[in-house]
Amino acid sequence: AGAARLDSPYGLAFDGSGNLYIADLGNARVRRVAADGTITTIAGGGAIPAGGMNEGSAATVVSLVAPRNLALDGYGSMYISDFSGHRVYRLSPEGSLTTFAGTGIRGYSADGTPASLARLAYPAGLALDGQGVLYIADSQNHLVRKVARGAISSIARALTPTGLVFDRFGSLYIADPYVEQIIEMPATGPAIVLASSARDLAFAGDGSLYTADGSRARRISFTGLSTIVAGGGNLAHGDGSAATLALLNHPSGVTADSLGNLYIADRDNHRIRRVSLDGTITTVAGTGIAGDGGAQLHSPSAVTVDARGNLYIADTGNQRVRKMTPAGSILPVPSTGLVSPTYAVAGPDENIYIADGSQGTISKVSATGVITTLLKGLQSPRGLALDSVGNLYFTETGGQRVQRLGRSGDLISLGAGAWSVPCGIAVAANGDVFVADSGLQRILRVDSLGQVTAIAGTGSAGFSGDEGAALSTELSFPWDVAIGPEGTLYVADLGNNRIRAVTPRGPAVAVVSAASLLPGPLAPGMLVAVRGTGLNAVQILIDSIPTPILAANNAGLIVQAPAQIAGLPSVQIEILRDGKALAQIPVPVAAAAPALFAETSGQASANNEDGTVNSAANPAPRGSVIALYGTGEGVTGLPISVRIGDYPVEVLYAGPVDGYPGLLQVDARVPAGYVAPGNLAVTITVGQISSQPGVTIAVN
């Protein structure tokens with residue numbers, strides 16, 4: 001084994017005979033090191049057959065994607081979490097591999113679903129309790145789930161659960177590293193939160209808890225005393241040298257000044273660091289030791305800069321916000337009662353806006369020191385940004401929301417349904433909004449039409465792709481985003497301990513209803529317009545399903561949403577050329593999203609009873625039947641009703657049009673006698689959802 005090559009070894013387990021098992025993640029294998037020192041592949045390394053994996057196949061002829069964590073039960077079976085494969089496998093003592101949980105498709109399935117039919121999202125840590133029940137850290141569903149009697153259920157929520165372990169008393173410990181917590185769930189009684197960062201956990205025979213956080217291993221005794229047992233070197237190495245050679249320790253904030261200098265909230269190094277124009281990195285605030293005296297900082301989670309060069313530091317561990325002047329003086333920002341300030345940003349009017357994640361508030365400190373609570377009752381607000389006219393943009397990591405607070409106090413949601421764990425946010429001069437979503441492992445852009453498009457990240461946590469296309473680059477919990485000179489985006493890539501630079505490229509694309517040309521949710525089977533220039537020779541995938549292009553012109557493409565997306569909360573629309581991603585667009589899914597085809601004037605695309613086209617010059621007689629055309633009725637058979645001139649009318653037919661996939665025809669009777677002639681508003685309603693307003697038919 002000492003002569004063998006491994007690639008990103010991750011999970012470890014021992015059996016009762018002293019054999020060591022290794023999840024060789026980068027080689028997509030599980031390997032065993034026997035007591036005599038020889039190494040053998042026991043799972044993975046095969047190829048996936050064209051028809052898919054045969055359950056019960058020999059483990060070494062099956063292909064794994066990214067085996068991450070391992071757990072052994074008392075009967076010789078091994079459980080393997082295939083992180084990017086979105087499955088948990090069971091390896092029998094005889095060497096056959098079967099799916100224990102997950103379908104291989106990223107997603108979420110409700111509690112009570114058979115585990116082998118349930119969707120998971122990047123399963124990580126595994127643990128077995130005393131009864132042999134398996135627990136899974138379903139990391140990107142932000143849940144800990146258990147599989148008992150073949151059914152899956154949720155037992156705890158965490159931001160990003162990565163490691164699980166039981167103690168001898170039956171208490172479950174959950175590593176939640178990106179909020180620096182270990183959650184203890186006793187067999188009886190309420191959960192207990194321990195303030196300690198860990199990615200993985202293990203118990204020793206003496207009752208000591210061992211934790212690994214990516215840079216050091218600690219031993220926590222039963223008395224609570226913590227001791228470093230491995231690692232712990234200088235994680236702030238590199239000051240005075242090239243920034244690309246320096247070490248960071250969970251950078252959680254980044255900002256750029258008008259000249260292009262970068263400032264980094266190097267959270268777990270307890271420093272603010274600057275990368276100057278010549279690429280040299282230096283510490284400008286903090287001593288590297290957590291504290292609350294003088295120049296000391298404690299886990300600063302964000303830093304921003306105003307037009308005068310003042311830095312505003314969310315000194316989270318010290319429960320305060322601090323201002324650092326260009327001369328280097330550190331001053332307190334007037335504030336009271338802060339518990340966990342996560343972000344602070346100053347506007348040109350010298351008002352300072354502060355997000356407090358624990359209290360769920362956003363407050364404003366005026367230039368004269370007057371403190372006002374602008375919003376409360378939020379779910380873990382994190383990022384803040386101001387546009388050129390003073391609108392405040394913010395994220396809620398716990399609420400899966402991105403919103404804009406207008407100067408007049410109006411509150412508008414952006415990209416509803418598109419978010420997982422939105423953290424950092426930045427606003428460009430043209431109004432584009434950029435969001436670092438650590439749950440989606442992506443940077444996303446919201447354009448002026450409200451369309452949400454992925455511009456960086458593959459959706460899988462990892463590190464790859466430097467110097468390549470941004471959409472082919474793996475990120476690991478992107479925590480903040482900032483806009484630098486010439487539109488370069490800077491990303492605080494927390495899990496990779498790096499700041500990454502992204503230059504957005506690719507066509508500007510919008511996904512809208514083919515009928516209304518408005519953004520919104522997709523319904524299974526509906527016609528979808530992918531609008532943008534330069535979309536020649538592309539392939540469209542919706543939820544990884546190849547989607548035929550039904551029509552194309554210079555304005556874009558028409559496709560039909562697959563029926564298989566029914567029941568999903570959202571999907572990714574991917575646009576590929578030659579196998580390379582041009583755009584990735586998350587879109588919510590609804591049971592129905594009805595819309596009517598119409599001209600820009602609002603005139604419906606409709607046929608009168610005699611088959612002629614309805615228009616002001618050719619109106620439909622009152623009492624006649626008119627054929628309306630639309631899309632988005634879904635596949636669930638919801639009832640369809642019609643209103644004309646705000647009157648409910650008789651529906652004679654509602655269904656597909658032969659030879660035209662995704663097209664809905666609705667034959668309705670025009671009201672007679674009691675309506676005035678002219679242009680009458682028309683809407684169709686599927687279930688409780690109505691088509692777009694402003695569509696009319698002509699009636700005489």
Side-chain angles (χ1 to χ4, degrees), residues 10-14 69 124-127 135 137 139 144 156 158-187 189-237 247-252 265-271 286-293 296-301 314-320 339-340 342 357-358 476-477 479 494-497:
Y10 205 102
L12 303 174
F14 278 98
N69 288 78
L126 303 172
Y135 292 72
S139 68
V144 176
L159 180 62
T160 311
T162 57
L164 304 175
V165 69
F166 279 94
D167 68 12
R168 58 190 174 187
F169 303 108
S171 295
L172 175 64
Y173 292 75
I174 305 165
D176 196 358
Y178 298 103
V179 289
E180 298 185 286
Q181 291 180 349
I182 298 172
I183 303 169
E184 179 186 352
M185 297 189 64
I192 302 168
V193 175
L194 309 175
S196 181
S197 179
R199 294 185 186 181
D200 213 349
L201 307 166
F203 270 101
D206 65 357
S208 296
L209 175 65
Y210 285 82
T211 70
D213 65 8
S215 59
R216 58 176 68 88
R218 293 179 181 271
R219 176 180 180 270
I220 303 175
S221 71
F222 63 90
T223 64
L225 181 65
S226 173
T227 307
I228 294 176
V229 296
N234 179 15
L235 296 176
H237 169 79
L247 295 180
L248 303 174
N249 192 2
H250 296 124
S252 57
D266 194 359
R267 188 186 71 188
D268 293 342
N269 277 327
H270 312 292
R271 300 170 186 253
T287 65
I289 299 174
D292 190 20
Q296 289 179 314
L297 303 174
H298 189 338
S299 304
S301 59
D315 192 5
T316 307
N318 285 323
Q319 301 178 314
R320 65 179 63 184
V339 176
S340 181
T342 55
S358 295
S476 182
F477 302 95
W479 218 251
L494 185 91
N496 283 321
N497 295 312

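In what follows, every heavy atom counts, from backbone to side chain, and hydrogens, waters and symmetry copies are set aside.
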Scanning both residues in full, the closest heavy-atom pair of Tyr173 with Leu201 reads O-CD1, 3.6 Å
Has the side chain of Asn318 got a donor or acceptor atom that lies under 3.5 Å from a matching backbone atom of Arg320? no
Minimum heavy-atom distance Ile228-Arg218, with the two atoms named: CG1-NH1, 3.7 Å
Can you measure from CD (Gln181) to CD1 (Ile192) and round to the nearest 0.5 angstrom? 13.0 Å
Minimal non-hydrogen separation, Ser252 against Pro300, with atom names: OG-O, 3.7 Å
Please find the pair of heavy atoms, one from Pro177 and one from Ala198, that lie closest to each other, and give the distance. CB-O, 3.1 Å
Could you give the distance from CG (Leu297) to CG (Asn269), rounded to the nearest 0.5 Å? 11.5 Å
Heavy-atom side-chain contact between Ser299 and His270 under 4.5 Å: yes
With rounding to the nearest 0.5 angstrom, report the CG to CG distance, Asp167 to Leu209. 9.0 Å
Less than 4.5 Å apart, any side-chain heavy atom of Leu172 and any of Leu164? yes
Take the angle between the ring planes of Tyr178 and His250 and call it parallel below 30°, perpendicular above 60°, tilted in between. perpendicular
Does the side chain of Glu180 reach to within under 4.5 Å of the side chain of Asp213, using non-hydrogen atoms? no
Are side-chain heavy atoms of Asp176 and Thr160 found at a separation under 4.5 Å? yes
Does a side-chain heavy-atom distance below 4.5 Å link Leu494 with Ser476? no
When you measure from the side chain of Ser301 to the backbone of Thr342, do you find a donor-acceptor pair of N or O atoms at a distance under 3.5 Å? yes
Donor-acceptor pair, distance only, cut-off 3.5 Å: does the side chain of Asp315 make one with the backbone of His298? yes
Would you say Gln319 and Val339 make side-chain contact, with heavy atoms under 4.5 Å? yes
I need the Arg199 CZ to Thr162 OG1 distance, nearest 0.5 Å. 8.0 Å
Please check this pair: side chain of Asp266 against backbone of Asn249, looking for a donor-acceptor N/O pair closer than 3.5 Å. yes
Taking every non-hydrogen atom, the tightest pair across Ala191 and Ile183: CB-CG2, 4.2 Å
Is Arg216 salt-bridged to Asp268, going by a charged N under 4.0 Å from an acidic O? no
Of the non-hydrogen atoms in Pro161 and Ala137, which two are nearest, and what is the gap between them? O-CB, 3.5 Å
